[in-house]
Amino acid sequence: MITIKENKIFKKAYYKGKKEIAHNLVLYYIPNNGDTKIGITVSKKIGNAVTRNRIRRLVRESWRTFCVKEGYDVIIVARTAAAKSDFYAIKDALFDLLCKSELILQ
RNA sequence: UGAGUAGAUCGGGCAAUCGCAGAUGCAACGUCCGAAAGGAUGCAGAUGAGGAAAGUCCGGGCUCCGCAGGGCAGGGUGCCGGGUAACUCCCGGUAGAGGCGACUCUCAGGAAAGUGCAACAGAAAAUAAACCGCCACUUUUAGUGGUAAGGGUGGAAUAGUAAGGUAAGAGCUUACUGGAAAACAGGUAACUGUUUUUUCGUGUAAACCCCACUCGGAGCAACACCGGAUUAAGGAGAAUACGUUGGCCCGACGCUCCUUGGGUAGGUGGCUUGAAUUAUGCAGAGAUGCAUAAUCUAGAUAGAUGAUUGUCUUAAACAGAACCCGGCUUACAGAUCUGCUCAAUUU
RNA sequence: GGUGCCAUUGCCAAGUGGUAAGGCCAAGGUCUGCAAAACCUUUAUUCCCCGGUUCAAAUCCGGGUGGCACCU
């Protein structure tokens with residue numbers, strides 16, 4: 001799993017990329033010419049450090065179970081409802097988003 | 001048994017599968033990224049967030065500011081003694097307040113060194129004073145003098161109660177109580193007790209201030225090293241000037257400094273062996289100190305602990321290390337243990 | 001991670017212990033044929049919250065909450 005570290009790519013995906021929305025997650029994606037990278041954003045509005053860490057881990061664990069097409073920058077933003085979601089809710093939401101955006105393989 | 005009070009400990013456990021992090025060992029000495037410094041990549045078994053990691057309210061280590069120097073200004077602390085690396089911390093005591101009690105709480109120096117303030121009300125708010133009243137005298141719907149007992153105001157009115165005394169009164173006198181001072185005794189001290197003397201000028205210092213002690217500034221985004229890139233334009237000063245030591249002056253040190261614009265801002269160290277943890281013993285009333293033995297117990301850099309299943313008593317509260325320690329404060333479901341107090345009952 | 005600042009009416013804000021100025025907005029009135037302008041009147045009661053000092057706290061002291069800025 002390769003993560004996005006530059007602020008440039010985040011901004012580029014927000015302004016130029018496409019997006020899909022679920023009730024607790026938002027997915028931005030934009031094609032690049034390399035490996036698929038993932039960036040996870042959980043803002044301070046959602047909760048304290050423990051809550052934010054937990055959401056990030058759940059998203060990362062869900063991402064690990066899916067096979068995704070090569071050549072995209074993908075950014076996942078957590079919404080306020082994600083603080084009360086358990087693992088299965090986040091996994092289902094992420095699956096829906098990946099199906100809608102046609103990034104998922106199989 | 002119930003109610004309370006003080007203190008201590010824990011803060012989900014175990015097993016299986018998948019996944020993450022750095023270090024160690026083995027393998028490899030290659031491949032990939034990069035201008036370089038350097039980084040990534042295989043396998044293994046162990047290890048991997050807290051009592052508050054939080055707030056950043058104090059104190060210290062560490063690093064830099066040449067040394068960390070002097071003075072002024074400014075800040076902090078404030079009953080006494082002790083502990084500590086240090087402290088707005090802790091322990092023991094004193095005084096005051098609360099509670100039947102165990103016990104708890106307290107920013108607890110000085111108001112007679114000086115300055116200020118005390119709105120409204122009230123006669124008067126501080127070198128006392130005289131509105132009503134009381135008493136005496138007179139020129140009698142009033143004035144002069146005496147008076148602090150009584151009235152009313154206020155948070156606060158020059159100590160309170162009783163008796164004597166007086167024209168009326170007054171610590172004017174006496175007794176008791178309160179305060180202050182002195183002597184003696186006890187205590188390291190704060191202070192306590194006894195005796196004597198004295199009628200005894202309010203409150204506020206979390207107002208300025210005084211006294212005693214104490215504090216240089218900044219913070220790991222500090223700082224050091226390696227490598228790279230850029231160095232253009234304008235301005236100031238040249239020893240009675242400028243800059244640094246983030247308030248000022250002295251002292252010390254240095255020769256460059258400032259403004260605007262552009263470019264580059266990558267990596268490594270700092271980083272975890274420490275006022276460390278555990279156990280035992282000794283000293284002490286306690287905080288704590290000393291000695292011996294054993295142990296190594298996160299170190300990331302967009303930031304590592306998660307998911308699933310089973311099981312146990314319950315899908316556990318508050319909550320995530322970021323240089324490191326000692327405290328304080330704040331948040332917190334629940335569980336366990338110990339000392340003590342009060343009430344009821346039984347023996 | 002560290003450092004600093006702020007919170008007062010709907011908005012902008014003044015206020016160095018004695019009961020909260022001013023402007024804008026709003027509401028009502030006067031004026032006008034109707035408006036605007038002008039003039040008059042009204043609107044803080046938990047001064048972000050909790051405790052303390054004081055006779056008395058928006059103000060002084062301690063703790064908390066929320067917001068903002070800077071250091072990369």
Side-chain angles (χ1 to χ4, degrees):
Chain A
M1 188 188 305
I2 304 168
T3 53
I4 300 171
K5 293 172 176 128
E6 289 82 16
N7 196 20
K8 273 184 201 168
I9 300 175
F10 276 92
K11 280 184 175 171
K12 196 176 172 187
Y14 288 147
Y15 288 113
K16 297 185 178 175
K18 299 176 180 176
K19 67 175 178 182
E20 298 291 339
I21 302 174
H23 79 286
N24 51 10
L25 294 177
V26 182
L27 180 95
Y28 293 87
Y29 61 103
I30 188 166
N32 64 357
N33 295 324
D35 299 329
T36 292
K37 297 180 181 174
I38 179 173
I40 304 168
T41 299
V42 188
S43 84
K44 257 190 177 178
K45 274 186 281 183
I46 289 169
N48 56 22
V50 174
T51 315
R52 298 201 303 270
N53 260 335
R54 180 169 173 78
I55 292 168
R56 188 168 50 77
R57 285 166 187 155
L58 292 177
V59 170
R60 193 181 277 193
E61 180 69 19
S62 314
W63 176 265
R64 203 168 58 81
T65 58
F66 297 125
C67 294
V68 183
K69 282 183 189 172
E70 287 294 309
Y72 284 94
D73 287 333
V74 181
I75 289 174
I76 298 165
V77 179
R79 306 179 72 188
T80 317
K84 292 174 184 173
S85 310
D86 62 348
F87 175 68
Y88 291 111
I90 288 189
K91 194 177 178 182
D92 293 345
L94 188 62
F95 182 72
D96 287 348
L97 293 174
L98 290 172
C99 288
K100 278 186 198 168
S101 56
E102 300 177 350
L103 287 172
I104 196 162
L105 295 174
Q106 295 169 353

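Residue numbers begin at 1 in each chain, while the letters A, B, ... track the order of the sequences. Just so it is clear, the model here is predicted, and its values are computed rather than measured.
If you check rG66(C) for Watson-Crick or wobble pairing at under 3.5 angstrom, you find it paired to rC6(C). rG4(B): Watson-Crick or G-U partner is rC340(B), with both key distances under 3.5 Å. Pair check for rA291(B) finds rU280(B); Watson-Crick or G-U wobble, both atom distances under 3.5 Å. Judged by Watson-Crick or G-U wobble contacts below 3.5 Å, the nucleotide rA224(B) has rU268(B) as its partner. Base-pair partner of rC100(B): not found among the strands shown (Watson-Crick or G-U wobble, both distances under 3.5 Å). Look at rG334(B): its Watson-Crick or wobble partner, with both distances under 3.5 angstrom, is rC10(B). Using Watson-Crick or G-U wobble geometry with both donor-acceptor distances under 3.5 Å, rG320(B) finds no partner in any strand shown. Remark: rA156(B) base-pairs with no nucleotide; criterion is Watson-Crick or G-U wobble with both hydrogen-bond distances under 3.5 Å.
Between the CZ atom of R56(A) and the C1' atom of rU305(B) there is a distance of 11 Å, given to the nearest Å. Atom CD in E61(A) sits about 16 Å away from atom P in rU17(B), given to the nearest Å. The CZ atom of R64(A) sits 12 Å away from the P atom of rU308(B) (whole-angstrom rounding).
An anti orientation is assigned to rU260(B), its glycosidic angle lying beyond 90° of 0. Its glycosidic angle being more than 90° from 0, rU259(B) falls on the anti side. For rA49(B), the glycosidic angle deviates from 0 by 90° or less, giving a syn base. Taking the O4'-C1'-N9-C4 or O4'-C1'-N1-C2 dihedral as appropriate, rG334(B) has a value more than 90° from 0 and is therefore anti.
In this structure, L94(A) CG and L58(A) CG are separated by 11.5 Å, a value rounded to the nearest 0.5 Å. Between the CG atom in L103(A) and the NZ atom in K18(A) there is a gap of 10.0 Å [rounded to 0.5 Å]. With rounding to the nearest 0.5 Å, the separation of CG in L97(A) from OG in S62(A) is 11.0 Å.
Legend: residues meeting side chain to side chain donor-acceptor pair (under 3.5 Å) with R56(A), ordered by chain and number and at least two apart, are N53(A). Listed by chain and number, the residues in a side chain to side chain contact (heavy atoms under 4.5 Å, CB included) with D96(A) amount to none (sequence neighbours excluded). Listed by chain and residue number, Y72(A), L105(A) satisfy the side chain to side chain contact (heavy atoms under 4.5 Å, CB included) test with K69(A) (two or more places apart in sequence, or in another chain). Residues that satisfy the side chain to side chain contact (heavy atoms under 4.5 Å, CB included) test with K100(A), not counting sequence neighbours, are E20(A).
Nearest heavy-atom pair, K16(A) versus I30(A), reported as atom, atom and distance to 0.1 Å: CB-CD1, 4.1 Å.
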Test side chain to side chain contact (heavy atoms under 4.5 Å, CB included) applied to W63(A) and I76(A), step by step: CA-CA 10 Å; W63(A) 176 265; I76(A) 298 165; 4.2 Å; yes

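Look at the P atom in both rG22(B) and rG51(B): the space between them is 25 Å, to the nearest Å. The separation of rU8(C) from rU41(C), taken at their C1' atoms, amounts to 24 Å, rounded to a whole angstrom. Of the P atoms belonging to rC90(B) and rA108(B), the separation is 15 Å, rounded to the nearest Å. Straight-line distance between the P atoms of rC209(B) and rG17(C): roughly 14 Å, to the nearest whole Å. rA36(B) and rA53(B) have their C1' atoms separated by 40 Å, with the value rounded to a whole Å. Here the separation of rG75(B) from rG39(B), taken at their C1' atoms, is 50 Å to the nearest Å. For the C1' atoms, the distance linking rG55(B) with rC213(B) amounts to 31 Å, nearest Å. Here, rU330(B) and rC89(B) have their P atoms 14 Å apart, quoted to the whole Å.
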All N/O contacts under 3.5 Å from nucleotides 314-321 of chain B to the protein, with atom names and distances to one decimal?
unit_1: rG320(B); atom_1: OP2; unit_2: A49(A); atom_2: N; d: 3.3
unit_1: rG320(B); atom_1: N7; unit_2: N53(A); atom_2: ND2; d: 3.3
unit_1: rG320(B); atom_1: O6; unit_2: R57(A); atom_2: NH1; d: 2.9

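Of the residues in residues 85-96 of chain A, those placing a heavy atom less than 4.0 Å from an atom of RNA chain B are F87(A), Y88(A), in numerical order.
Put simply, the side chain of D92(A) never gets that close to the backbone of F95(A): no donor and acceptor are under 3.5 Å apart.
For the pair R60(A) and rG303(B), the criterion of a side-chain N or O lying under 4.0 Å from OP1 or OP2 is met.
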I'd like a table of donor-acceptor pairs (distance under 3.5 Å, sequence neighbours excluded) in which one partner is a side-chain atom from residues 79-91 of chain A, with atom names and distances.
unit_1: R79(A); atom_1: NH1; unit_2: A22(A); atom_2: O; d: 2.9
unit_1: S85(A); atom_1: OG; unit_2: N24(A); atom_2: ND2; d: 3.1
unit_1: S85(A); atom_1: OG; unit_2: A81(A); atom_2: O; d: 3.0
unit_1: D86(A); atom_1: OD1; unit_2: A89(A); atom_2: N; d: 3.3

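The residue L58(A) sits close only to the backbone: its heavy atoms come under 4.0 Å of sugar-phosphate atoms, none of a base.
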